[in-house]
J.: 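Take this structure first; my questions come after.
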Amino acid sequence: MKVLFQCNTVYQLLVAVCLKNEFFSKEECNILISNIMNDSQKIYNRLSNLNMFNKVYIQSNKNVKINKINKIFVSKWKKIKYLNIHNFVYEKYDVFICSNPSYANLSLFSLLMKKNNCIKFFLYEDGISTYSNHYKKLVCNNQQGIRKLLSLHKYLKYISKIFVFKTEYFTWQPTQEIIDIHSLKQIREDLLEKLNFIFGYNNQSLPHDCKKIFFEESFFGDGKSSNDEEIIYQCINKYGSDGFYIKNHPRNKVNRFAGKIKTFPSMSIPWELIILNNINSIEKIQLFTITSASMYTPFILFDLKPMSVSCVNMINDKRYLFNDVLAVEEKIIEMEKNISYFK
């Protein structure tokens, strides 16, 4: 069986590698990574040298104005030109697996189908949003704008499986077959070494004095007014400043807390990989956030239960909150006794 994986983010790549190891280890697997991924060229080079996948391709995703999209997708050749995937669309695949049924991925599937009309279409978890109604709309709503405009919505019916870590966190009911991915808590040492190589992880450990981590939101970097800085100081006042760190959001280019609160710099290394390399320390650290999915990652991917505090109830302007994802977080908080709201 020949399988093609597609990844846009470092998170997706980490999950795809683990998925390949667990479910497709004996299959011929190729992988397509997008150049929108942080450090995509370096990751592409390392992945190519590792020989984990039979072939590794890098995809150039270009921003295209909506009023030009119809012209771009007029012909098969122009689809190929837009996706920049000339080298492999003519290969015959048995399975195409990605994390998001975007119009680019649906277009790619339509091309692969021309070579094999029996090709299977699978999805894999793309973080906490996979469990939300937002994802349901992507997977089930065949009337959505661009995809309908490009006649790509018809390919949604071919999605037959979704691979996830925590089926109990769904706030919607998929009609597709749901496949459980095993917790990454007991990951094999050799696979961890390969992941470290792919992402350039050099045995960085969490600071020895780290006892609390607050996951910053992107409000500041996105130019949205919020009281998130005030909330952080309220957490310090209540839970103490000893060992308190802030994990900066990558879109916040200015470190507002420099010289005042210890911070982790933004990195292309996935937070999930940091957890994997510090698996015995995470449950000793208290986690805080307003709505960042990073706080919930130990619960979803690793079945770890660190003491955690959601500060979403303290935000003064809820216009910027993503309600569909927020509903998933509320469900997790209700299910997990180690997560509580700030009081």
Side-chain angles (χ1 to χ4, degrees), residues 4-20 29-48 50 52-53 55-69 72-73 78-89 96-112 122-130 134-135 138-139 144-147 150 152 195 197-201 216-218 221-223 247-253 265-274 292-294 297 322 325:
L4 177 64
F5 285 86
Q6 194 280 339
C7 306
N8 286 327
T9 67
V10 292
Y11 177 93
Q12 291 174 13
L13 178 55
L14 185 145
V15 175
V17 168
C18 294
L19 201 65
K20 191 257 185 196
C29 295
N30 293 350
I31 189 166
L32 171 66
I33 65 171
S34 169
N35 69 346
I36 64 174
M37 185 184 296
N38 290 335
D39 287 341
S40 59
Q41 191 61 51
K42 292 179 181 178
I43 289 172
Y44 166 78
N45 292 337
R46 297 188 197 113
L47 202 53
S48 299
L50 197 57
M52 175 179 283
F53 291 88
K55 295 177 183 176
V56 181
Y57 300 97
I58 191 162
Q59 172 183 354
S60 177
N61 283 350
K62 300 176 182 178
N63 293 324
V64 182
K65 292 183 179 180
I66 300 300
N67 61 3
K68 293 183 179 179
I69 285 180
I72 290 172
F73 283 86
K78 288 186 178 180
K79 285 182 183 179
I80 296 171
K81 186 176 180 181
Y82 168 66
L83 294 170
N84 195 22
I85 52 179
H86 319 262
N87 294 331
F88 70 93
V89 289
F96 174 57
I97 180 166
C98 62
S99 67
N100 191 315
S102 63
Y103 61 83
N105 280 334
L106 289 174
S107 181
L108 174 53
F109 179 74
S110 73
L111 294 176
L112 297 175
F122 301 159
L123 300 178
Y124 63 88
E125 180 175 309
D126 192 20
I128 200 169
S129 66
T130 305
H134 169 70
Y135 202 77
L138 290 176
V139 174
Q144 286 193 333
I146 296 174
R147 298 186 305 181
L150 303 174
L152 295 171
L195 286 169
F197 176 77
I198 291 169
F199 294 105
Y201 189 91
E216 186 185 32
E217 307 284 341
S218 63
D222 295 340
K247 190 170 189 306
N248 294 129
H249 194 283
R251 289 207 298 275
N252 294 341
K253 302 305 181 185
S266 299
M267 297 183 293
S268 61
I269 296 171
W271 163 237
E272 296 74 24
L273 192 59
I274 296 174
S292 172
S294 295
T297 296
F322 196 4
V325 173

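Counting from 1, the numbers follow the sequence of the chain as shown.
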J.: Say whether Tyr57 and Gln6, considering side chains only, have a donor N or O and an acceptor N or O under 3.5 Å apart.
T.: no
J.: May I have the step-by-step check of side chain to side chain contact (heavy atoms under 4.5 Å, CB included) for Trp271 and Ile274, ending in yes or no?
T.: CA-CA 5 Å; Trp271 163 237; Ile274 296 174; 3.9 Å; yes
J.: Could you tell me whether the side chain of Ser110 and the main chain of Ser107 form a donor-acceptor pair under 3.5 Å?
T.: yes
J.: To the nearest 0.5 Å, what is the distance between OH on Tyr44 and CG on Leu32?
T.: 10.5 Å
J.: When you measure from the side chain of Asn105 to the backbone N and O of Asn100, does any donor-acceptor pair fall under 3.5 Å?
T.: yes
J.: Evaluate the side-chain proximity of Tyr124 to Cys18: yes if any heavy-atom separation is below 4.5 Å, no if none is.
T.: no
J.: To the nearest 0.5 Å, what is the distance between CZ on Arg46 and CG on Asp39?
T.: 7.0 Å
J.: Counting C-beta onward and ignoring hydrogens, is there a side-chain heavy-atom pair between Leu273 and Ile198 closer than 4.5 Å?
T.: no
J.: Just to verify, what does Ser292 make a side chain to side chain contact (heavy atoms under 4.5 Å, CB included) with, not counting sequence neighbours?
T.: Phe215, Glu217, Thr289, Ser294
J.: Phe96 versus Leu4: any side-chain heavy-atom pair under 4.5 Å?
T.: yes
J.: Out of Leu14, Thr9, Leu13, which one pairs with Tyr11 under the side chain to side chain contact (heavy atoms under 4.5 Å, CB included) rule?
T.: Thr9
J.: With a 4.5 Å heavy-atom cut-off, do Val10 and Met37 have their side chains touching?
T.: yes
J.: Any side-chain to backbone donor/acceptor pair from Ser40 onto Ile36? Under 3.5 Å, distance only.
T.: no
J.: So, taking the atom named CD1 in Ile128 and the one named CZ in Phe322, what distance separates them when rounded to the nearest 0.5 Å?
T.: 11.5 Å
J.: I'd like to know whether Tyr201 forms a side chain to side chain contact (heavy atoms under 4.5 Å, CB included) with Leu195, so could you lay out the CA-CA distance, the side-chain angles of the two residues, the decisive distance to 0.1 Å, and finally the verdict.
T.: CA-CA 8 Å; Tyr201 189 91; Leu195 286 169; over 6 Å; no
J.: Under 3.5 Å, is there a donor-acceptor pair between the side chain of Lys20 and the main chain of Met52?
T.: yes
J.: Atom OG1 of Thr297 and atom CD of Glu272: how far apart are they, to the nearest 0.5 Å?
T.: 4.5 Å
J.: Please report the interatomic distance NE2(His134) to OG(Ser129), rounded to the nearest 0.5 Å.
T.: 6.0 Å
J.: So, do Ser99 and Leu123 sit near enough that their side-chain heavy atoms are less than 4.5 Å apart?
T.: no
J.: Only counting residues at least two apart or in another chain, list the ones meeting salt bridge (Lys or Arg N to Asp or Glu O under 4.0 Å) with Lys55.
T.: Glu91
J.: Going through the distances and angles, do Asn30 and Phe53 end up as a side chain to side chain contact (heavy atoms under 4.5 Å, CB included)?
T.: CA-CA 5 Å; Asn30 293 350; Phe53 291 88; 5.7 Å; no
